[in-house]
Student: 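Just dropping this structure here.
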Amino acid sequence: MCGIVGAVGHEQCSEVILDALKRLEYRGYDSSGIVTINDGAIALKRAVGKLANLDKALRASPLIGDVGIGHTRWATHGGVSTENAHPHVAADRVAIVHNGIIENHRTIRRRLEAVGHKFFSDTDSEVLAHLFVEALDAGLDPAAATRRVLAEIDGAYAFAMMSIDHPDMLIVARNASPLALGIGDAACYIGSDAIALSHLTRKVVYLEDHDYALVRADGVSVYQADGTPVNREAVMVAASPGLVDKGGYRHYMEKEIHEQPDAIAHSLAAMTDESGRLTAKMSDDELRSINGIVMVAAGTSHYATQIARYWIEALAGVPVACEVASEYHYRQPVTAPYDTAIAISQSGESLDTMMAMRHAAKSGLKTIGLVNVADSTIAREADTVLPTRAGPEIGVASTKAFTAQLTVLLCFAVALARAKGQIDIARAETIHAEIQGLPRLVGKALGLFDAIRPVAHQLSQAKSALYLGRGALYPLALEGALKLKELSYIHAEGFASGEMKHGPIALIEDGLPVVALLAADTVMTKASSNLREASARGGKIILLCEARATDEVDYASAVVTVPDVDPLLAPILLAIPAQILAYLTAVEKGTDVDQPRNLAKSVTVE
Ligand code: M6R
């Protein structure tokens, strides 16, 4: 999603802004730009494509000035072009950058055009620049101008504005899109997240929804929408590696796949208390009071919830509903059977998931945020936080965050089951020991790259593929299919293998790749019969399974095995070959693995 940065009071303003934009690259973008104020005039550079293009333009003619803003744009309104790239400038006086969607932009634009404002882009964002020009023309001071602009716009936004009328400050505001203010020694900064500012400062102020702020070199003044000054405390964010490098790997995704033993081990450590017992970060009394859980999430995080449902229901006997976040609150769901909502998000900023969590909170549910980014909005708003410790995930396709989420959710299920007396200490300790062994087993599964390469080569020729799983491996089939389509652009669908005969089996024709996930669990024999039916109709079975399940299938065209594991943990371990298969297929096809087309890492619009 779009990334916003800015600096005021820094001599090499455009350089630090470019560095900060590079730190936001992982969010996904298709154009970028920077604007500064130099000698009382606006100086602007924008470029389509990668930041390297903007970098080149800046080298050819550098932007001078100690106040500036920058942006990476992920197109929503208006195609990918230099004119639609941010910053947008109005009347040569005001420049803005914006993340989100101004929903009533058409009405505002029509009104402004009727009184002579000239627009240069097709974006919704440009209205912000013109609204500020209008407010400043009316003689309003920066704070009053901001209140007037905020009163007119609807939608989700984080924006920054600067003007030659007030060259010593940036004005920023947020509603439902993330924005952090960085406090430096003699300069202040703004960024879509703290990672963007990690090379400049660790002292950060997070704006809350409907806040606006005046950011000057010597500090920030924050106000609520009605103009009341408000103190949002500065926090010291954890030292971040910031611009994470690829560590010698070809892609961030490849590196992140290899980081999974650590991501799992660190997440397990975060879910283990001082006495060495699995914890859910709540007292036993609080856990006992949980009688129904609704889990809200998007994409890969949603598939993690679907796997966790099997664990929580089987171990703790607590009913679980898994909801696609973007559908949840608009459906006006009846929340009564549930008393607890778990919002799961790697970024902690997915707008759909945030809105779903807010809806649950408004309906009286206790909220738990399971996030990988500790300072994210979901973490700050949830009643309780369950952390994954996967470290920054840069590749757009989620890998280590997914297996870390599953680890935390399994720990949560065990702690809940114990508090509720559904399992005894011995069973809890056995599962705990199995989870402790997981990083080692995942490490072994990482040795599968060479075995999977020829399979990926074959798969890369396919137009379409099916992924099948049964039991807790069914959601993993959905996740495997998502990985393949988002990375390699091959059409892929995941199905519950038992569901095939109810319709999808009609899709099977000679040679269609069928990626089958199989573990030695209670449904193995039935799952294997379903696979045989697919094979009998010409499906080319690519079997990803536990070593001891191989004998069940003697008709596969390729078999990739992971070490044997407790069936509870099979979805975590089998995720590894599914990720490697999607990764290597994309590499074969030569697609943009870390930033697939049309995708963003952190989806902060609805
Ligand atoms: O940051 P989140 O976990 O909330 O993100 C949710 C989805 O946008 C994300 O999982 C997406 O589906 C990934 N591209 C999957 O690889």
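Remember, it's 1-based here, ligands and their atoms both numbered in the order they're listed.
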Student: Is the Tyr583 ring parallel, tilted or perpendicular to the Phe449 ring (thresholds 30°, 60°)?
Tutor: perpendicular
Student: Once ring pair (Phe, Tyr, Trp, His ring centres under 6.0 Å) is applied, what residue pairs with a partner in residues 396-417 remain, sequence neighbours excluded?
Tutor: none
Student: Return each pair, listed once, that meets side chain to side chain donor-acceptor pair (under 3.5 Å) where at least one residue sits in residues 569-579; pairs must be two or more places apart or across chains.
Tutor: Gln260-Gln579
Student: When you measure from the centre of the six-membered ring of Tyr206, is the NZ or CZ of Arg380 under 6.0 Å away and within 45° of the axis?
Tutor: yes
Student: May I ask you to say whether Lys601 pairs ionically with Glu393, meaning some side-chain N is under 4.0 Å from a carboxylate O?
Tutor: yes
Student: What pairs of residues pass the salt bridge (charged side-chain N to carboxylate O under 4.0 Å, His left out) test when at least one of them lies in residues 190-201, not counting sequence neighbours?
Tutor: Arg27-Asp193
Student: Give every pair made of an N or O atom of ligand 1 and a protein N or O atom lying under 3.5 Å apart, one pair per line with both atom names and the distance to 0.1 Å, or write 'none'.
Tutor:
unit_1   : atom_1 : unit_2 : atom_2 : d
ligand 1 : 1 (O)  : Ser345 : OG     : 3.4
ligand 1 : 1 (O)  : Gln346 : N      : 3.4
ligand 1 : 1 (O)  : Ser347 : N      : 2.9
ligand 1 : 1 (O)  : Ser347 : OG     : 2.7
ligand 1 : 3 (O)  : Ser301 : OG     : 2.6
ligand 1 : 3 (O)  : Gln346 : N      : 2.7
ligand 1 : 4 (O)  : Ser345 : OG     : 2.6
ligand 1 : 4 (O)  : Ser350 : OG     : 2.5
ligand 1 : 5 (O)  : Ser350 : OG     : 3.4
ligand 1 : 10 (O) : Thr300 : N      : 3.1
ligand 1 : 12 (O) : Thr300 : N      : 3.4
ligand 1 : 14 (N) : Val396 : O      : 3.3
ligand 1 : 14 (N) : Glu486 : OE1    : 2.8
ligand 1 : 16 (O) : Thr300 : OG1    : 3.3
ligand 1 : 16 (O) : Ser398 : N      : 2.8
ligand 1 : 16 (O) : Lys483 : NZ     : 3.0
ligand 1 : 16 (O) : Glu486 : OE1    : 3.4
ligand 1 : 16 (O) : Glu486 : OE2    : 2.5

